[in-house]
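Just so we're on the same page: letters track the sequence lines, and every chain starts at 1. Everything quoted here is computed from the prediction, not taken from an experiment.
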Amino acid sequence: MASPKPAGDLNPVSLEEALMTTWKREQTFQQSIQMRHDGAPFIFLEGPPTANGLPGIHHVAARTYKDLVCRWKAMEGHFVERKGGWDTHGLPVEIEVQKRLDLLSNEAILEFGMKEFNDECKKSVWTYEDAWRKMTERMAFWVDLDDPYITLHNEYIESGWWALKQMFDKGLLYKGHKVLPFCPQTGTSYSTHEVALGYKEVEEPSVYLKFKLVDDDAAVLAWTTTPWTLPGNVGLAVGPEVTYARIRIVAEPEGWDGRGGAAIGEELILAEDLLAETLRHQIEIIDTFPGSELVGKAYHPLFPDAVERGDSEAAWTIVPADFVTTTDGTGVVHTAVMYGEDDYILGMEVGFPAQHTVDIDGRFIAGTHNSLDGRYVKDCDDDIIDLLHYDNLLYREQMYTHDYPHCWRTGHPLLYYAMDSWFVRMTAVKEKLLEFNDQVEWAPEWVGEGRFGEWLRNVKDWAISRERFWGTPLPVWICEECGHQHCAGSRQDMLDTAIDAAVVPEDLHRPFVDDVRLHCQTDGCSGEMVREPFVLDCWYDSGCAFFAQWHHPFAGTEKLDANFPIDYICEGVDQTRGWFYTLLAVSTTAFDSLCYKRCLSLGLILDKQGKKMSKSKDNAIDPWDHFNREGADATRWYMVTSGAPWNPLKFDPAGVRETYAKMFLTLWNVYKFHVNYAVMDDFEPTDNSVASRAPLDRWLLSRLNAVGLSLHDQFVGWDFHKACRELEDFVVNDLSNWYVRRSRRRLWDDAESADKLACQHTLHEVLVTVCRLMAPVAPYMVDEIHRNLVGESVHLADWPAGTPGCRRDIQILHIPGKVRGLPSRDEELEERMSLARALAEAGRRIRVDAGRRQRLPCQAGWLVGGLDISEFHSLLADELNVEALTTEDDLDRFQQIELVPNWKALGAKARADLPKVKEALAAADADETWAAIQAGKCELAGFEITPDDVEVRRVEKEGYAAASIEFGEGEAAETVSLVLDMSSTPDLLSKGLARDIIRRVQQKRKNLDLDIAARISLTVWLGDGSPELGDVDWEHVQTETRTDVGVLLSGKGPEEADSFTVDEASIHFSFD
RNA sequence: GGGCGGGUAGCUUAGGUUGGUUGGAGCACCCGGCUGAUAACCGGGAGGUCGCCGGUUCAAAUCCGGCCUCGCCCA
C-alpha cells in the first residue's frame, strides 16, 4: 500500500497537465488495453475527422461520448482497441486549396498541374493535425493517433477498390447520369451547400410555346424559364388528374408586348385553371377533360434535328407525371431529359432519349441548329425565342423574376446538367438495408426508426463518382473498342492487365493512375481500356473504415474477422445520412452484413442563443478556453450532465464554471479532508467491519450502493446524463453536505478510536468507488485521488458494478488481498436518515419563522409521528442545537388535522360534481368529518365519502414553534412534526454566548491564517447587558479556540479589540 | 415542399407514453442564518398564461387537431 500524500488546494489545470505527463510516461492508455487482452473484445470504430479545420468544442462533445463508453467497457474488463482515423479526401479540401492558390476553374487546376494540385491538397489535409492531436490529448480522449487509418494511404484506397469490385461483380455498380448544378466556366458541378452560397435574384425571359400535335389540329401550350433547354425537349408532362381545356382563339387582344401570338381560329390546349393568367386573346372553351386523355399523343419537335429518336417510342409524346402542378406555367411541363432532375428521372422511367444538346463547356453541340451550334447557351436565349417566333411556335414571352443559383466564384448562372456518373444500386438492396437497420440498437430510438429508417425506405441509388481530382480514383476502365467495363480490385489487378506494367504507380492517386491503360478482357477484343476519369465520393472512403483500416483483405482477414461487426459507433446526428449511412451501405453491398450493433447519435452543439456554432458566425467556442480554466474534467462532465446525449446542447460557458465549482471542487475538498487526516493519523485501510460502524457510515455506504448500481443501469440504457446527475447529487449532497459535515468532529480527536477508524474507512471506500464510477466521464482528478489513496491508476481498476460475471453488487477491490463488496443496501436505514435530514431542515425553518438564532440552544425538542429514528437523535439534536430531543405520542398536544381531497378517488366518484364536494369538504369541521368518515357515516354533496377519498394532514396548532413535513410515499405517507421549546434560561443564554464567542474567535483565527493547531492567549470583555457566561461554558470556549491563557472580564473592552453584538450586548475580544 | 426533433422562470433544464387541481431543480437576484466548511453550506422570498388557438374531460404541461417558431437532414 502506497503512503498517501497530503492534498493542497485544487489547481485543475496543473493537475491535469501533470497527469498527461504521467500517463505518457507510464503508458497508462496502452496498459489499460493490454491488461484486458484476454477479455471479450468491445469493438469501437472511430469516425474519422478531417484535420483541415480547427477542432471546436463540438468535437470535444462527440469525443467525450466516444471515450467514456470505451473507458467504461475497458473497466468492465473488455479488450477495447481504439484506432484513430483521418478523413483526408474530398471537395472541401479542394475548395480550400483552390481558394488559397486562386485556381478558380478546372482549366486553371490543370494548368497548375494535377499532380502539384493534389500535392497541395495532401499538405492542406494536415494543416490542423497538430491542433487536433493536442485537443485530443488534452481532453483525454484515449485513441491511438500514432497508428491511425488514413483514407489517402494506398493501402486504404486499395481496400476501397476491393470492396467496390465486390459491388461491381454483383452488378451493383453502373454508369448513368446525374443532373447537377454545373458551372461551365469553372468546369465544376456543385454540392447543394455550394449552390446555397450563390443564389441571386434575376429577371429572365420566360416563354409560352406551342407544341403542335401530330394527329390533331391543336397545339399544347407549355412554359419554361430556360429557353436554352428547348432544343433538348423530348417530351411533355401533364398531370393525369389535372383538368385541361381545349380553347379556340376568337379575337385579337387589346395590346401585345413582345414576340409571339396566335391566329384567329387557332386551337390551344392547357390547364383550365391557368387560362386567365396565360392567354391574352379572347377565347372560347371548346372542351375540358382530364390530363390522362392527352397521354400518348405525339407532337412535332421544336428543333427536329437536335436530338435523335433512336429506339425511343416515347420521344415527343405526352406523358403523365405526378409533379405537374397548376401553380404556375400552363400545367404542361416541357421536359428536357438532360437538364433537370425531375426531367431526367421521368425520362428514364418512360424511355425518352437521353442525349445532350449542350457540351461540357456550356455550348450547343454541333447539329443542334445551324444558328446555335457552338454558342454559349445563355447567350442564345434571345435568338431561340426569335427562331420560335418566326416558326409560329411561340405564343408569348414574359419577363420573369426568380432566385436562381449562380456560381459563387464566377457569378455565372449554373446550368442543371446531366453529368456522367457512376452509381451503386442501393435500390436493389433496400430490403436488406432495412433488415440490418432493424438489428441496430439506436440511441435515441427515433433516429433509427424515424430519421434513418425513413431515409432507407426512400433509398435512391448512390451517386458515388465525382468529377474531381483529389480523392480515391474510381477503379473502372472501359474499352475504347468494345465498351467492356473492368473494375480493378487491387493494384495487382492493374499489374496483371496493364498494357505497360511499368506505368502502374505506387501512388494510386490521380494523375498517376490515369496513365494506366489495360488490355481489354473481352475474348477476341484487342482494344485498350481507359480509366473513367472520376474520383469517389469521400463518404465512400469513410464508409469503408471498418475494413479499410486493416488493409483488408490484402493484409489478411484476421483483423476484420476479430473486429466485425462493430459494437459501438458515435457521431453527431448530422451523420445520419453521412457516415451512419455509408457504413451500412458498404457493409450491405460488399459484405451482405450489418455494420454496427449500437449507434449513439448525438445532438448538435449550439451556442447560448441556440444557433449552430460556425466559424462564419464567430460563435464557436475554443475548447482551450475551458481546458485552461476549469479543466477537461469539468468540461466533459458539464457536457454529459447538461442533457441527454441526443438532445441539442446549448453550450453555456458559465455552466462549465458551475460544474467545476460544484462537483469538482466539492469532491476535491472531501478528498482533501480525508487524505490530510489519513496522512496525519497514518491511516491504513483494513478489512474493517462495516456492521460495527456508526449508522451514519452505514447509511452512506448504502447510498453509495444504490447510486452505483443505478449509475451502471443508466449507462446500459444510454442515460449518461441521468447517471452522472445522480452521482453528482450523491457527492455534493450526501457525501459532502451531510456525511462530511456531520463527521468533521469525529476526525478532530487526536486519539485513535473505533469511531474515527470507521469514518476513515468509510471515506476511503466511498471515495475510491466514486472515483471509479466517474473515471469514464472525467478521467483526470479521480485518477489523482485514486492513485494517492490506492497507489494505482483508476484506469487500471475494475468497474465496481455490474460485471464481470453479471454481479449485481458494488465491489470494493482496493483492499490488498481482499475482494469484498459493500454491505447490501439498507433501505430502511436510508429512509430513517432521509427523515432525519428532512427534520433538520424543518428545524431550521422553525428557527427562521420564530426568529430564534441558530447559536442559541433550545431546551427541548419533540418529534411527533414517523419512524423510530432514535439512533439519530443525538445527531439531530446537535444539528438543531437542541439540548434534548425526545419523541412525543400525543399529537393533539401540538397539532390538529386537516382533510385534503384525494382527487383521483373523488374525481372518479363525483365526476362533474367534484367542485361541490370540494367546497363541502372545505367548509366542514375536519375533526368531526374525519370521525364520521372513519365510522362510515359521512356524506358530502350527496356522495358517500370513504377514507380513501381524503388525505389527512396534520398542522400545528397556533402558538407552537413547530413544523410538519409529509414523509413517505403513497400508502406509507404520514405527517411528521418537530416541535421546539422556545423558552430561554440563563443556562441556555450562557451556552449560546459561548458559541458566539467561539465562532468569532475561530473566524478571526482563520482570517489571520493561523495554523489549526496554534495556541493563543484570549481575553474577552462582556459588555453591559450581556448574559452571564458560566464556568463550564468559558472552559469550553478556551478548549475549542485552543486557548492556553484565557482572561474573562466584565465591562467595555478596548477600542482596538474586535467586537460583536449578541442580543444588544457588546462583546469584545482580543488574542495573540 | 418533405422527414425528424425542440419551444416549460432572466438563463440551463426535469417531468410529458401512465391526465388529478400545489409544474420540480440548478445558476443569477433579494432577505435571513450557519461555518476552522470549499469560488462552500442551510432556510425563506420573488420570478411560469408549460409557444399560440381550438377540442376531449369533472380535471390538460401531459391526450387529439390546427397554427406559429427554432434546429437538423433532405428536396
Complementary nucleotide of B/rG71, counting Watson-Crick and G-U pairs under 3.5 Å: B/rC4
Interatomic distance where NZ belongs to A/Lys178 and C1' belongs to B/rA75 [whole Å]: 11 Å
N/O donor-acceptor pair, side chain A/Arg844 with base B/rG33, under 3.5 angstrom: no
Distance in angstrom units between A/Lys662 NZ and B/rA40 P, rounded: 11 Å
Geometric class of the A/Tyr339/A/Tyr417 ring pair [parallel <30°, tilted 30-60°, perpendicular >60°]: tilted
Electrostatic pair A/Lys178:A/Asp461 at N-O distance under 4.0 angstrom: no
Side-chain donor/acceptor contact of A/Arg725 with base of B/rA14 under 3.5 Å: no
Pairing partner (Watson-Crick or G-U wobble, both distances under 3.5 angstrom) of B/rU56: none
A/Lys1004, NZ atom: more than 12 neighbouring heavy atoms under 6.0 Å: no
Distance below 4.0 Å between A/Asn737 side-chain N/O and B/rC42 OP1 or OP2: yes
Nucleotide paired to B/rU21 in any strand shown, Watson-Crick or G-U, under 3.5 Å: none
Ring geometry between A/Phe720 and A/Tyr65 (parallel below 30°, tilted from 30 to 60°, perpendicular above 60°): tilted
Watson-Crick or G-U counterpart of B/rU35, or none if no pair lies under 3.5 Å: none
Spacing of A/Asn669 atom CG relative to B/rA40 atom P, expressed in whole Å: 11 Å
Separation of B/rA39 C1' from A/Lys672 NZ (nearest whole Å): 12 Å
Side chain A/Ser642 and base B/rU13 donor-acceptor under 3.5 Å: no
Atom-pair distance (CZ on A/Arg855; P on B/rC41), nearest Å: 19 Å
A/Arg995 side chain near B/rU35 phosphate (N/O to OP1/OP2, under 4.0 Å): yes
Sugar-phosphate only, base, or nothing, as touched by A/Gln1002 at under 4.0 Å among non-hydrogen atoms: base
